[in-house]
Amino acid sequence: MLNAHAHPVYRIALGVDIEGSTTRSNREKPVLREVMYEIIAEALARHGIGDDVDRLVDRGDGALALIRPSDRVPKTLLLGSVVPELSRLLTRHNTRRPEVSMRLRAVVHAGEVHFDERGQFGELLDVACGLLDAPRLKLALRETSAPLVLVVSDELYWSVVHHGYDSIAVPSFAPLVNIQVGPAPRQGWVHVPGEPTTWQYGPVRGPVGSPQRGLPLPGVSTVD
């Protein structure tokens with residue numbers, strides 16, 4: 001029999017994390033978690049993605065949806081529709097229930113993941129969670145009044161974002177996040193849905209490690 005642990009499968013990861021969750025009381029956290037799960041499910045369902053998602057990976061103050069590959073679920077749909085939907089739903093919640101308002105950091109990444117009887121594991125999750133937890137992403141959320149900021153992996157930026165598909169505003173993504181996952185440097189591109197931000201940076205011509213790369217980026221975070 002084949003060892004299931006040895007055979008990775010491809011997934012798109014859409015994850016969120018609640019800002020400042022450690023400052024919230026244990027009485028608030030169940031409400032925040034319930035809302036977080038509800039808006040993830042609603043944002044996915046509104047765009048016909050509900051049946052394509054594995055059981056969510058719980059992170060306590062965050063969650064990751066692992067989406068199975070399908071022609072019905074292109075990455076452009078996630079970036080151009082689902083993530084803005086998350087932002088709108090979060091704004092609606094904060095307006096209706098300001099006493100338990102919250103803001104989110106979000107990530108979109110894609111790659112290989114493993115499953116066993118206890119759940120999911122692998123580098124896909126390491127990178128996605130590392131990007132979500134990066135100090136520079138947390139700072140980006142503090143620097144805006146928006147309810148949500150997004151970071152996409154370098155791979156996703158160069159395979160999808162930089163082509164400028166409809167509903168994806170390329171100049172609004174900035175390579176602000178650097179993390180180290182094991183021996184490999186990883187970069188994340190930050191975007192604020194709904195804000196016409198154009199970041200002013202030097203020329204960027206290739207993925208991390210490319211000799212054509214034109215950006216010195218400080219502040220590398222290490223993921224163990």
Side-chain angles (χ1 to χ4, degrees), residues 12-24 28-29 31-47 49 59 61-65 75-109 128-154 156-157 160-162 164-179 187-201 217 219 221:
I12 306 169
L14 169 64
V16 300
D17 206 83
I18 300 170
E19 179 187 41
S21 63
T22 58
T23 67
R24 313 298 282 262
E28 292 176 288
K29 288 177 181 178
V31 178
L32 299 176
R33 282 172 51 83
E34 181 178 2
V35 172
M36 175 186 69
Y37 271 89
E38 286 177 352
I39 67 173
I40 292 173
E42 185 172 351
L44 292 171
R46 285 190 177 192
H47 296 281
I49 306 177
R59 282 172 35 90
D61 58 353
L64 281 166
K75 298 181 184 77
T76 50
L77 179 65
L78 291 173
L79 295 172
S81 298
V82 175
V83 170
E85 191 76 60
L86 281 173
S87 186
R88 287 190 291 269
L89 292 171
L90 193 54
T91 297
R92 184 186 71 180
H93 161 73
N94 291 343
T95 300
R96 292 178 177 178
R97 301 193 63 185
E99 74 281 6
V100 283
S101 65
M102 64 179 181
R103 300 199 303 164
L104 296 175
R105 303 185 307 279
V107 65
V108 178
H109 178 43
C129 293
L131 291 171
L132 264 182
D133 292 337
R136 188 59 185 87
L137 185 63
K138 295 179 181 181
L139 177 60
L141 184 55
R142 291 197 297 270
E143 290 175 338
T144 180
S145 60
L148 179 148
V149 297
L150 169 70
V151 60
V152 303
S153 63
D154 204 53
L156 204 70
Y157 177 86
V160 178
V161 173
H162 97 105
Y165 294 107
D166 289 347
S167 75
I168 298 177
V170 179
S172 66
F173 286 78
L176 300 180
V177 173
N178 276 329
I179 62 172
Q187 190 164 72
W189 295 72
V190 178
H191 168 69
V192 183
E195 289 193 359
T197 304
T198 300
W199 306 90
Q200 300 298 321
Y201 286 88
L217 295 175
S221 303

Original post:
Just wondering, do Leu90 and Met102 contact through their side chains at under 4.5 Å, heavy atoms?
Top reply: yes
Original post:
Lys138: what forms a side chain to side chain donor-acceptor pair (under 3.5 Å) with it, not counting sequence neighbours?
Top reply: none
Subject >> Pair Val83-Val108, side chain to side chain contact (heavy atoms under 4.5 Å, CB included): steps then yes or no >> reply: CA-CA 9 Å; Val83 170; Val108 178; 4.2 Å; yes
Original post:
Who passes salt bridge (charged side-chain N to carboxylate O under 4.0 Å, His left out) against Arg103, sequence neighbours left out?
Top reply: Glu19
Original post:
Rounded to the nearest 0.5 Å, how far apart are CG of Leu79 and CG of Leu14?
Top reply: 9.0 Å
Original post:
Looking at side-chain heavy atoms only, is the closest gap between Asp133 and Arg59 below 4.5 Å?
Top reply: yes
**OP:** Applying side chain to side chain donor-acceptor pair (under 3.5 Å), name anything that partners Thr144, two or more places apart in sequence or on another chain.
**Re:** Glu195
Original post:
Taking only residues two or more places apart in sequence, or in another chain, which ones meet Ser153 in a side-chain contact (heavy atoms from CB on, under 4.5 Å)?
Top reply: His109, Leu131, Glu155, Leu156
Original post:
Do Leu77 and Ile49 touch side chain to side chain, with heavy atoms closer than 4.5 Å?
Top reply: yes
**OP:** Tell me, please, which residues at least two apart from His162 pass ring-ring contact (aromatic ring centres under 6.0 Å, His included).
**Re:** Trp158
Subject >> Interatomic spacing from CG in Leu44 to OG in Ser81 - rounded to 0.5 Å >> reply: 11.5 Å
Original post:
Could you walk me through whether Val152 and Val160 pass the side chain to side chain contact (heavy atoms under 4.5 Å, CB included) check?
Top reply: CA-CA 10 Å; Val152 303; Val160 178; over 6 Å; no
Original post:
What pair of heavy atoms forms the shortest contact from Ala13 to Leu64, and how long is it?
Top reply: CB-CD2, 4.5 Å
Subject >> Nearest non-hydrogen partners of Ser21 and Asp61, listed with the distance >> reply: OG-OD2, 2.7 Å
Original post:
Who passes side-chain contact (heavy atoms from CB on, under 4.5 Å) against Thr91, sequence neighbours left out?
Top reply: Thr95, Pro147
Subject >> Nearest heavy atoms of Ala63 and Ile40, plus distance in Å >> reply: CB-CD1, 4.1 Å
Original post:
Which heavy atom in Ala140 sits nearest to a heavy atom in Val190, and how many Å separate them?
Top reply: CB-CG1, 4.0 Å
**OP:** First locate atom CD1 of Ile18, then atom CE of Met36, and finally report the distance between them rounded to the nearest 0.5 Å.
**Re:** 5.0 Å
Subject >> Set of side chain to side chain donor-acceptor pair (under 3.5 Å) partners for Glu85, sequence neighbours left out >> reply: Arg46, His47, Arg88
Original post:
Under the side chain to side chain donor-acceptor pair (under 3.5 Å) test, which residues partner Glu34, sequence neighbours left out?
Top reply: none
Subject >> Pair Val31-Arg97, side chain to side chain contact (heavy atoms under 4.5 Å, CB included): steps then yes or no >> reply: CA-CA 11 Å; Val31 178; Arg97 301 193 63 185; 3.9 Å; yes
**OP:** Could you pull out the closest heavy-atom pair between Pro84 and Pro193, with the gap in Å?
**Re:** CA-CB, 4.4 Å
Original post:
Can you tell me how far CG of Asp17 sits from CZ of Arg105, rounded to the nearest 0.5 angstrom?
Top reply: 4.0 Å
Original post:
Quick one: does Leu86's side chain get under 4.5 Å of Leu104's, heavy atoms only?
Top reply: no
**OP:** Grab the two heavy atoms, one from Leu137 and one from Leu132, that are nearest each other, plus how far apart they are.
**Re:** CD2-O, 3.8 Å
Original post:
With a 4.5 Å heavy-atom cut-off, do Ile12 and Lys75 have their side chains touching?
Top reply: yes
**OP:** Begin from the C-alpha positions of Tyr157 and Val170 and carry the test side chain to side chain contact (heavy atoms under 4.5 Å, CB included) through to its verdict.
**Re:** CA-CA 9 Å; Tyr157 177 86; Val170 179; 3.6 Å; yes
